[in-house]
Amino acid sequence: MRRRDFLKTSIGLAVSSTLISSENIKTNMNNSLILSTWDHGLPANEAGLKVLENGGNAMDAAEAGAKVPEADPTSTSVGFGGLPDEQGNVTLDACVMDSNGNAGSVAFLQNIKHPVSVARKVMEETKHVMLVGEGARQFAVSQGFEEMDLLTDESKKAWEEWKKKRREMTPHETHDTISVLVQDKNGDLAGACTTSGWAYKLHGRVGDSPIIGAGLFVDNEIGCAAATGLGEEVIKTTGSFLVVELMRQGYDPTAACEEALNRIIKAHNGNPDFQIAYIAIRKDGEIGSACIKGSFDYALARGEENKLHKIKGMI
Ligand code: GLY
């Protein structure tokens, strides 16, 4: 039996079918879960769980979760305290997507602590999907967001050290984007993704995190997926969309993450020198994850438990 057919059979699909539709996947009901990237996913999940307990939906929980590392000055790759670009500006990218296929996004946003909430406002209060730079900042202010300096003493010091040593455009290892995927008690899916991006990047650089389909994708019939790592490569392969589409084709969530990464690994002759990880939830509550190299931690909250899980890289 071919791998793909095996995967289809293993989740109860007719081998002859090509694509999965919602009727083929039993929706996970009354068993909400939150799946987030890296160890800052643990407090993010905690915040999301509280929102779900208080009757919030998947989108409310994903936003609340993403806001935790955004506000944490020790989280150097997200929001306040995020490492700046080469000119010393903290520039932020974020997006959200809900169970109805609505999406909102901000890119290259400065001086606003919670880009994920601005992205949600773009989704809910405008006819657009994406606002960038000065326009995004003006919109945020018009919505009541306060402006603040996002550079902390520590991140300023790190940037000054980097400048002194005239380092190359690294480390992209510090791409610890927070992506939060949620399935609520109604079985509905939503996600949020937020980052300060590649440390010491060129001024104006935008990564995958605000790009719908790259950093995040939600299809309430099939599942959702999100990325962390070197955004340029995720954008080039429309990574999160690809993971969801692979699940639609019958891949289980981990196999879908691996196949999406395989395309990147192949494009780099089997030996890429950067990290990317995907996380995914299928509509039936099955979760999956994969990373290219080294290891990757994801935080999974399900029932009473909120735990960090370590996976090994594919190469
Ligand atoms: N994945 C985050 C970034 O590349 O900006």
Side-chain angles (χ1 to χ4, degrees), residues 35-41 44 62 65-66 69-70 75-87 89-97 105-110 112 115-116 118-119 130 132-133 136 150 155 159 168-181 191-217 224-243 257 260-261 263-264 267-268 272-280 289-294 296-298 313:
L35 179 64
S36 303
T37 52
W38 305 110
D39 55 359
H40 50 201
E70 279 186 346
S75 192
T76 58
S77 52
V78 185
F80 179 48
L83 290 170
D85 66 13
E86 63 170 5
Q87 297 179 12
N89 307 291
V90 181
T91 73
L92 305 174
D93 298 337
C95 75
V96 296
M97 197 161 180
S105 158
V106 289
F108 192 52
L109 174 64
Q110 295 177 56
I112 302 288
V116 75
V118 185
M130 189 168 195
V132 304
L150 299 175
S155 55
W159 169 63
E168 295 298 314
M169 288 283 299
T170 52
H172 42 66
E173 295 305 326
T174 60
H175 278 218
D176 297 351
T177 303
I178 178 87
S179 293
V180 185
L181 301 177
C193 181
T194 178
T195 189
S196 52
W198 186 336
Y200 320 125
K201 62 199 172 188
L202 290 178
H203 187 58
R205 182 264 187 190
V206 169
D208 60 313
S209 301
I211 313 285
I212 299 298
L216 173 71
F217 195 70
C224 53
T228 177
L230 185 59
E232 279 71 4
E233 297 300 323
V234 177
I235 293 171
K236 286 191 271 181
T237 49
T238 331
S240 294
F241 178 75
L242 178 58
V243 171
C257 294
L261 291 176
R263 311 243 175 134
I264 297 170
H268 292 267
D273 66 349
F274 50 82
Q275 176 68 307
I276 294 171
Y278 289 118
I279 54 173
S289 181
C291 69
I292 291 184
K293 67 190 186 90
F296 165 66
D297 298 318
Y298 64 81

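Remember, it's 1-based here, ligands and their atoms both numbered in the order they're listed. For this chain, numbers begin at 1 and follow the sequence in order.
Residue G229 has at least one N or O atom closer than 3.5 Å to an N or O atom of ligand 1. At a 3.5 angstrom cut-off on N or O pairs, T177 counts as close to ligand 1. Considering backbone and side-chain atoms together, G231 places an N or O closer than 3.5 Å to an N or O of ligand 1. Considering backbone and side-chain atoms alike, D208 places an N or O below 3.5 Å from some N or O of ligand 1.
If you number the atoms of ligand 1 from 1 as listed, the ones under 4.0 Å from a heavy atom of G197 come out as 5 (O). Those atoms of ligand 1 that come under 4.0 Å of a heavy atom in S209, given as number and element, are 1 (N), 2 (C).
Scanning both residues, L181 and A225, for their nearest heavy atoms gives CD1-CA, 3.9 Å. Nearest approach of T37 to S179, heavy atoms of both residues: OG1-N, 2.8 Å. When every heavy atom of T194 is checked against every heavy atom of P115, the shortest pair comes out as OG1-CG, 3.6 Å.
Residues satisfying the ring-ring contact (aromatic ring centres under 6.0 Å, His included) test with Y278, not counting sequence neighbours, are none. Evaluation of the salt bridge (Lys or Arg N to Asp or Glu O under 4.0 Å) rule for D297 yields K310 as partners, not counting sequence neighbours.
When non-hydrogen atoms are compared, ligand 1 lies under 4.0 Å from the side chain of R205 (C-beta onward) but not from its backbone.
Looking at H203, R205, Q110, K201 one by one, the single match for side-chain hydrogen bond (donor to acceptor under 3.5 Å, both in side chains) with D85 turns out to be H203.
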